[in-house]
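As structure tokens, the structure follows; a few thoughts come after it.
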Amino acid sequence: MATTAHPEPYRLGILLGDGIGPEIVPATVQVMDAALAAAGAKPADWVPLPLGGAVIETHGSALPAETLETLGELDGWLLGPHDSAAYPEPHRSQLNPSGAIRKHFDLFANIRPAKAFEGTPALRPGIDLVVVRENTEGFYADRSTYRGTGEFMPTPDVAIAMGIFTRPAIERIARTAFELAMRRRKHVTVVHKANVLRTSTGFFLDICREIGAQYPEVELDDFHMDAMTVHLVRRAEAFDVLVTENMFGDILSDLTGELAGSLGIAPSINASHERAMAQAAHGSAPDIAGQNLANPIAMINSGAMLLDWLGTRYDDPRAQAAAVLIEKGLEATVRSGVSTADLGGTAGTSDFAAAVAATIGAV
């Protein structure tokens with residue numbers, strides 16, 4: 001729901017992260033700056049903040065307390081990928097930076113589009129859908145309890161994982177999905193496993209149906225999780241907005257990203273009602289870090305999603321126009337034959353970003 005107009009330039013954080021983050025995040029800033037200027041919007045007030053493995057030695061944490069405190073003062077931020085598996089202990093065993101940020105700010109909606117680019121290899125060239133993933137509960141142990149995790153061992157021979165489902169959390173993610181569908185093709189698909197997990201995912205399905213009744217313009221259907229994977233492989237073009245619990249959403253968004261061509265083009269935002277975090281769906285790719293080889297499309301498109309979220313929240317047509325300019329700039333650049341190696345091209349990260357910014361400027 002839109003609020004009153006934003007009184008000042010948007011204050012947006014820059015969190016480079018690990019691996020290819022220091023390459024793809026600045027590329028995103030460059031393109032977002034070009035789009036905001038082309039849309040006639042005020043330039044963003046960028047706020048660089050420390051995060052990732054490189055700051056553990058200097059700050060004692062991959063997510064310093066000062067970073068978390070400053071994020072609370074911002075409208076949104078760009079989060080580069082992290083490589084928490086490579087952190088030294090005890091940092092490696094702690095909740096990773098992105099998970100800690102999502103939990104701290106209750107970023108309950110993980111929105112992950114999957115759309116193929118014309119002129120690039122895609123398993124389902126006509127795919128254009130969005131996975132709306134509940135981001136705070138479900139079967140993800142690191143987010144399903146107030147303190148500690150949702151996994152425990154009562155004896156050395158028994159391991160238990162809890163899946164948490166609550167009405168308020170389901171209602172808000174369902175409403176997010178239906179509101180998004182109203183801006184798209186007005187079709188929501190609930191993905192669940194209510195034939196087996198009747199009490200938990202059946203509860204999720206029932207509440208989504210209740211919310212769906214408030215949106216009579218939107219077509220509503222549902223599929224079991226296992227069947228959904230088959231339907232996506234066979235006919236992904238038939239789907240618009242998929243809404244599901246945490247773990248199912250993680251699995252489906254990786255699948256749909258690959259069906260669209262590559263996880264390198266898979267964007268996402270994590271949002272609450274108050275703020276949003278742009279974060280590409282892929283990892284830190286340490287094997288190509290520092291070589292100017294990384295595909296920045298996912299991160300750039302995540303930045304576009306952040307601008308669209310801001311534009312929707314503040315009823316700001318310029319921010320929304322900037323988001324559209326980024327999307328069209330990416331499409332035009334790839335269609336012209338400029339892309340990184342993973343999409344069959346020869347452009348480096350910085351060259352690709354410069355080409356997108358130039359295309360936006362020309363428009």
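For the numbers below, each heavy atom of this structure counts, side chains included, while hydrogens, waters and symmetry mates do not.
You'll find the side chain of Gln320 stays beyond 4.5 Å of the side chain of Asp316, heavy atoms only. Side-chain contact between His192 and His224 is present, with at least one heavy-atom pair separated by less than 4.5 Å. Within the 4.5 Å cutoff, side-chain heavy atoms of Thr229 are placed close to those of Leu252. Using a 4.5 Å heavy-atom threshold, the side chains of Leu232 and Leu129 count as touching. When side chains are defined from C-beta on, Phe352 counts as touching Ile297, because their heavy atoms get closer than 4.5 Å. Using a 4.5 Å cut-off on side-chain heavy atoms (C-beta onward), Ile170 and Glu134 make no contact. Proximity of Val243 to Leu180: side-chain heavy atoms (C-beta onward) are nowhere separated by under 4.5 Å. Side-chain contact check for Ser200 versus Phe139: some heavy-atom pair is nearer than 4.5 Å.
Between the side chain of Asn246 and the main chain of Glu137, a donor-acceptor pair closer than 3.5 Å is present. Looking at Thr201, its side chain does come within 3.5 Å of a backbone N or O of Ala194 through a donor-acceptor pair. A side-chain donor-acceptor contact under 3.5 Å links Arg318 to the backbone of Gly40. A donor-acceptor pair is defined here as one N or O able to donate and one able to accept, closer than 3.5 Å; such a pair exists between the side chain of Asn135 and the backbone of Leu107. Side-chain atoms of Ser302 come within 3.5 Å of backbone atoms of Ser268 as a donor-acceptor pair (strictly under, hydrogens ignored). Of the possible polar contacts, one joining the Asn292 side chain to the Ser350 backbone as a donor-acceptor pair under 3.5 Å is found. The backbone N or O of Ile269 sits less than 3.5 Å from a side-chain atom of Asn110, completing a donor-acceptor pair. One N or O on the side chain of Thr67 and one on the backbone of Pro50 form a donor-acceptor pair closer than 3.5 Å. In this structure a side-chain-to-backbone donor-acceptor pair under 3.5 Å is missing from Ser284 to Pro81. The closest donor-acceptor contact from the side chain of Asp240 to the backbone of Arg185 lies under 3.5 Å.
Using cut-offs of 30° and 60° for the angle between ring planes, the Tyr314 and Tyr10 rings count as tilted. Relative ring orientation between His187 and Phe239 is described as parallel, the plane-to-plane angle staying below 30° on a 0-90° scale split at 30° and 60°.
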- Steps toward side-chain contact (heavy atoms from CB on, under 4.5 Å) verdict (Thr244, Met228): CA-CA 11 Å; Thr244 190; Met228 190 72 234; over 6 Å; no

- Message: Is there a side-chain contact (heavy atoms from CB on, under 4.5 Å) between Thr256 and Arg124? Walk through the geometry before answering.
- Response: CA-CA 9 Å; Thr256 54; Arg124 301 303 312 182; over 6 Å; no

- Report the C-alpha distance between Glu327 and Asn301 in whole Å, list the side-chain angles of each, state the deciding distance to 0.1 Å, and finish with yes or no for side-chain contact (heavy atoms from CB on, under 4.5 Å). CA-CA 7 Å; Glu327 294 170 11; Asn301 239 345; 3.7 Å; yes

- Item | Chi angles and distances behind the side-chain contact (heavy atoms from CB on, under 4.5 Å) call for Leu12, Leu310 | CA-CA 11 Å; Leu12 304 177; Leu310 289 167; 4.0 Å; yes

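Connection of Leu68 to Leu16 is not established within any shared hydrophobic cluster, with ILVMFWY side chains joined at heavy-atom distances below 4.5 Å, either directly or through further cluster members. Note on Ile265: it clusters hydrophobically with Val130, by side-chain heavy-atom contacts below 4.5 Å among ILVMFWY residues. Under the 4.5 Å side-chain heavy-atom criterion for ILVMFWY residues, no single connected hydrophobic cluster contains both Val47 and Leu306. Taking hydrophobic clusters as Ile, Leu, Val, Met, Phe, Trp and Tyr residues chained together by side-chain heavy-atom distances below 4.5 Å, Met299 does not share a cluster with Leu49. Linking Ile, Leu, Val, Met, Phe, Trp and Tyr residues whenever their side-chain heavy atoms come within less than 4.5 Å places Ile20 and Ile14 in a single cluster.
Shown here is Arg184, whose CZ atom has more than 12 heavy atoms of other residues, nucleotides or ligands within 6.0 Å. By the 6.0 Å contact criterion, CZ on Arg198 is open, its count of non-hydrogen atoms from other residues, nucleotides or ligands being 12 or less. The number of heavy-atom neighbours closer than 6.0 Å to CD of Glu57, taken from other residues, nucleotides and ligands shown, is 12 or below. Within 6.0 Å of CD on Glu89 lie more than 12 heavy atoms contributed by other residues, nucleotides or ligands. The environment of Glu69 atom CD is sparse: at most 12 non-hydrogen atoms of other residues, nucleotides or ligands sit within 6.0 angstrom.
Of all heavy-atom pairs between Val55 and Ala62, the closest is CG2-O, 4.0 Å. Considering every non-hydrogen atom in both Ala298 and His282, the closest pair reads CB-CD2, 3.6 Å. Taking each heavy atom of Pro88 and Ile56 in turn, the nearest pair found is CD-CD1, 3.9 Å. What you find for Pro286 and Asp83 is that their closest heavy atoms are CG-OD2, 4.1 Å. When all heavy atoms of Thr176 and Arg172 are compared, the pair lying nearest together is OG1-O, 2.9 Å. Nearest heavy atoms, Gly72 versus Arg275: O-NH2, 3.0 Å.
In this structure, CD in Glu217 is found 6.0 Å from NZ in Lys186, a value given to the nearest 0.5 Å. Considering OG of Ser61 and NE2 of His91, their distance stands at 6.5 Å, rounded to 0.5 Å. Ile173 CD1 to Thr136 OG1: the interatomic distance, rounded to the nearest 0.5 Å, is 8.0 Å. Rounded to the nearest 0.5 angstrom, Ile101 CD1 and Asn96 CG are separated by 9.0 Å. To the nearest 0.5 Å, atom CG of residue Asn195 and atom CE of residue Met225 are 12.5 Å apart. Rounding to the nearest 0.5 angstrom, the gap separating the CD atom in Glu210 from the CD atom in Glu171 is 7.0 Å.
Using a 4.0 Å cut-off between charged nitrogen and carboxylate oxygen, Glu331 and Lys115 count as a salt-bridge pair. Between Arg313 and Asp75 there is no salt bridge, since no side-chain N of the basic residue sits under 4.0 Å from a carboxylate O of the acidic one. We find that Asp250 and Arg112 are joined by a salt bridge, their nearest charged nitrogen and carboxylate oxygen being less than 4.0 Å apart.
With Ile300 as reference, Val31 is the one residue of Val31, Ile24, Val25 to meet the side-chain contact (heavy atoms from CB on, under 4.5 Å) rule. Of the residues listed (Leu78, Leu79, Leu15), the one engaging Gln279 in a side-chain contact (heavy atoms from CB on, under 4.5 Å) is Leu79, and it is the only one. Screening Phe105, Trp309, Trp46 for a ring-ring contact (aromatic ring centres under 6.0 Å, His included) with Trp77, the sole residue that qualifies is Phe105.
In this structure, Phe248 has its ring center no closer than 6.0 Å to that of Tyr140. You'll find the ring centres of His273 and Phe108 inside the 6.0 Å limit.
Side chains of Asp157 and Thr155: no donor on one and acceptor on the other come within 3.5 Å. Side-chain contact check for Tyr87 and Asp18: at least one donor-acceptor pair (N or O, by modelled atom type) lies under 3.5 Å. Of the N and O atoms on the side chains of Tyr215 and Glu179, at least one donor lies less than 3.5 Å from an acceptor on the other residue.
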